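First comes the structure, then the notes that go with it.
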Amino acid sequence: MADPTENSEPGASSEALGVLRRVFGYDAFRGEQEEIIEHVVAGGDALVLMPTGGGKSLCYQIPALVRPGVGVVVSPLIALMQDQVDALRALGVRAGFLNSTQDLDERRMVEAEFLAGELDVLYLAPERLRLESTMGLLDRGKVSVFAIDEAHCVASWGHDFRPDYLALSALHERWPDVPRIALTATATEATRREIAARLQLGDARHFVASFDRPNIQYRIAPKNDPRKQLLELIHGEHPGDAGVVYCLSRKSVEDVADFLVAHGVEALPYHAGLDARVRAANQARFLREDGVVMVATIAFGMGIDKPDVRFVAHLDLPKSVEGYYQETGRAGRDGLPSTAWLAYGLQDVVQQRKMIDGSEGDDAHRRRLTAHLDAMLALCETVECRRVRLLDYFGQPGGEPCGNCDTCLTPPVTWDGTIAAQKFLSTVFRLARERRQKFGAGQIIDILLGKKTAKVIQHDHDQLTVFGIGTDLSAPEWRAVVRQLLALGLLAVEGEYGTLVLTEASGDVLGRRREVLMRREPEKPSRARSAPGKSRGAARPAPADLPETALPVFETLRAWRAAQAKEQGVPAYVIFHDATLREIATQRPDSLDALGGVSGVGENKLAKYGEQILEALGELEETPA
């Protein structure tokens with residue numbers, strides 16, 4: 001849940017603003033929240049694009065509390081529904097869910113609460129709305145609003161397509177007078193149009209917030225022993241922090257988790273091949289404990305509400321910018337400085353190209369996948385500000401360089417790689433024409449470097465006229481050349497073994513009709529500037545912007561919160577977010593009235609925890625403020 005900071009007093013509907021203050025403990029809406037909420041409360045449909053951490057949930061929770069009836073939230077996240085309900089109940093909101101994890105008696109109890117009007121919010125999985133029994137239940141009760149969360153799941157070739165979402169158009173047909181709000185953190189204009197069409201939201205008002213997450217530092221590094229690079233990132237910049245590490249395969253997930261544990265990092269694996277109970281237990285530990293690193297495939301993360309994830313690392317290239325943005329957006333939901341770090345190499349490009357060639361679907365589908373990958377490669381290879389490139393992709397061009405991504409902090413150098421490109425493409429051409437052979441990058445680089453390996457000698461490649469003409473570059477530099485040729489579409493990957501072939505565009509380079517500018521990798525990757533407030537090598541860095549005198553108070557409050565969360569069996573952020581504890585530690589309120597003025601302390605939490613917090617602060621009263 002976002003912590004609104006922008007003043008929006010004038011024009012805010014008194015009822016919605018009252019709910020915001022009383023229930024959620026915030027004094028003002030942020031950004032477009034007020035306008036969205038007023039539109040939905042008045043009965044209008046809405047399609048909302050808002051970045052992770054931007055406060056999407058308030059946009060349907062407040063209308064559900066203001067309008068008569070029960071707000072029905074459609075969410076694909078069965079494993080997280082209990083946590084979502086717990087978080088609302090902690091605020092005094094009457095919330096429940098219906099899904100396949102419940103037995104018959106539990107479902108009947110929730111259904112009875114819904115029919116009796118004893119719920120404010122009801123969570124449903126999309127597949128449950130395929131059941132006529134569920135539709136009949138909703139007919140017999142009163143629905144105030146339908147919220148379709150993670151709405152990008154309806155886009156057929158999107159990064160998280162869920163077939164059950166296609167049936168949600170029935171909501172409009174069956175309940176035409178109930179407003180619907182579809183929400184997602186990630187969608188291009190084309191995806192947004194597809195969402196509107198498939199959910200019959202043609203007349204809905206679109207609200208598109210800025211995709212900028214200024215607290216996230218985007219960094220993309222050339223792969224050079226990626227596990228060791230990851231360990232340096234964690235130990236050097238994020239010791240004791242919660243983080244998510246994404247890997248492409250299940251095996252690499254388990255290998256990386258074992259590697260981190262062996263080097264003193266509290267890490268857990270998560271992928272679809274694990275036993276469901278192990279997955280659930282690992283997810284619960286990540287949510288409930290501080291400083292746990294989850295190593296996962298992309299099966300993990302959607303809907304994760306943990307606000308204090310300080311870094312997201314990718315050890316394999318994401319398939320699309322949408323997927324990358326969605327995954328990196330799980331860092332820093334609380335607005336504090338966080339890192340999005342990606343290690344990227346030649347083999348990633350080759351592997352992704354092979355996967356596209358072997359993918360199911362028609363040529364149009366493969367072209368879409370290729371376009372997604374090309375955009376991701378362009379982000380990796382850019383010499384411009386990564387944040388500007390990212391925002392431009394999502395239709396928000398014209399931004400100024402951010403000064404906080406790796407290309408801003410350590411501007412890369414470009415060089416004229418035309419001759420290097422001609423040498424490499426000539427070698428591919430000669431192998432194909434003179435020998436009718438195709439090879440991967442390794443063999444071609446060995447030929448260019450004049451290496452008489454067993455494979456080179458076996459195929460008489462040392463007799464080629466191009467043998468040894470590339471000694472002006474090192475092997476790592478040649479791999480960077482190949483990677484960029486692939487990214488520029490001047491080379492292609494073919495077949496099961498990932499051999500390299502020329503493209504139509506290759507002829508322009510070989511015919512000297514096109515120059516090729518390339519990005520030069522630093523000889524030794526330099527570590528980008530640490531996020532503000534991070535102290536290298538510390539057991540746990542001080543939170544950003546927290547005065548030194550407030551740190552022991554903050555740690556005392558965190559310990560109190562951890563005990564409460566463990567006792568109640570809920571994630572720590574359900575009790576209070578770090579941002580709220582930081583404000584309490586800084587202000588040290590000495591009365592319930594003063595504590596009630598802290599952002600994030602609503603009436604229910606004040607009544608439940610107020611005296612305990614004041615008691616904890618009282619015990620520290622001798623500490624200088």
Side-chain angles (χ1 to χ4, degrees), residues 31 47-54 56 150-161 183-196 206-221 246 298 301-302 312 314 316-332 338-342 344 348-349 352-353 356 365-408 411-412 483-484 486-489 517 519:
L47 175 54
V48 176
L49 275 77
M50 191 177 286
T52 301
K56 291 189 299 296
E150 310 292 351
H152 61 274
C153 292
V154 78
S156 16
W157 298 116
H159 57 283
D160 273 316
F161 176 58
L183 310 101
T184 180
T186 316
T188 60
E189 187 176 347
T191 303
R192 192 162 75 242
R193 288 196 300 268
E194 186 175 2
I195 292 171
H206 291 210
F207 296 88
V208 182
S210 172
F211 284 88
D212 191 13
R213 295 287 304 282
N215 62 309
I216 297 180
Q217 185 184 84
Y218 297 98
R219 287 153 53 186
I220 299 177
Y246 284 110
I298 59 170
M302 185 165 61
V312 170
H314 285 84
D316 295 296
L317 183 70
K319 297 177 182 178
S320 68
V321 176
E322 289 96 331
Y324 172 75
Y325 180 83
Q326 182 96 354
E327 289 146 22
T328 57
R330 286 154 193 160
S338 305
T339 304
W341 180 85
L342 163 65
Y344 155 72
D348 289 306
V349 187
Q352 292 282 9
R353 295 286 191 205
I356 290 173
H365 172 50
R366 278 187 282 275
R367 282 195 296 273
R368 281 191 290 267
L369 293 180
T370 299
H372 282 311
L373 178 59
D374 287 345
M376 189 66 220
L377 293 173
L379 177 64
C380 290
E381 298 293 355
T382 186
V383 296
E384 302 168 350
C385 170
R386 295 206 197 274
R387 194 181 309 276
V388 168
R389 171 74 72 149
L390 198 58
L391 295 177
D392 183 65
Y393 180 83
F394 287 110
Q396 296 176 352
E400 293 294 322
C402 70
N404 188 38
C405 67
D406 54 355
T407 54
C408 285
R483 195 186 70 223
Q484 293 179 75
L486 285 165
L488 292 167
L517 287 178
R519 174 188 174 114

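Numbering of residues begins at 1 and proceeds along the displayed sequence. Just so it is clear, the structure is predicted and the values come from calculations on it, not from any experiment. Values reported hereafter were calculated over all heavy atoms of this structure, with side chains retained and with hydrogens, waters and symmetry mates removed.
Between I195 and L47, the shortest heavy-atom distance links the atoms CG2-CD1, 3.8 Å. Closest of all the heavy-atom pairs between P318 and M376 is O-CG, 3.5 Å. A pairwise comparison of heavy atoms in H372 and S320 identifies CB-CB, 3.8 Å as the closest pair. Considering every non-hydrogen atom in both C408 and G403, the closest pair reads SG-N, 3.3 Å. Across all non-hydrogen atoms, the minimal contact from I356 to R366 is O-CD, 3.2 Å.
At least one side-chain heavy atom of L377 sits under 4.5 Å from a side-chain heavy atom of L317. Two residues are said to be in side-chain contact when any heavy atoms from C-beta on lie closer than 4.5 Å; I216 and V312 fail this criterion. By the 4.5 Å heavy-atom criterion applied to side chains, L342 and C380 are counted as neighbours. L488 is not listed as a side-chain neighbour of E381, based on a closest heavy-atom distance of 4.5 Å or more. Residues T370 and R353 are in side-chain contact: their nearest non-hydrogen atoms beyond the backbone lie under 4.5 Å apart.
Shown here are the side-chain hydrogen bond (donor to acceptor under 3.5 Å, both in side chains) partners of Y246, two or more places apart in sequence or in another chain: R330.
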> Does the side chain to side chain donor-acceptor pair (under 3.5 Å) test come out yes or no for H152 and T184, once each step is laid out?
Replying inline: CA-CA 6 Å; H152 61 274; T184 180; 2.8 Å; yes
>> Applying side chain to side chain contact (heavy atoms under 4.5 Å, CB included) to V208 and R192, what does each step give before you reach the verdict?
In response: CA-CA 10 Å; V208 182; R192 192 162 75 242; 3.9 Å; yes
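Between K319 and D348, no side-chain nitrogen of the basic residue sits less than 4.0 Å from a carboxylate oxygen of the acidic one, so the salt-bridge criterion is not met.
When the options Y324, Y344, Y218 are evaluated for a ring-ring contact (aromatic ring centres under 6.0 Å, His included) with H314, the one that passes is Y324. Checking R219, R387, R386 one by one against D406, the salt bridge (charged side-chain N to carboxylate O under 4.0 Å, His left out) holds for a single residue, R386.
Pairs passing the salt bridge (Lys or Arg N to Asp or Glu O under 4.0 Å) check and including a residue from residues 389-400, sequence neighbours excluded, do not occur.
A donor-acceptor contact shorter than 3.5 Å links the side chain of Q396 to the backbone of A209. Side-chain atoms of T339 never come within 3.5 Å of backbone atoms of W341 as a donor-acceptor pair (strictly under, hydrogens ignored).
Between Y325 and F394, a ring centre-to-centre spacing shorter than 6.0 Å is recorded.
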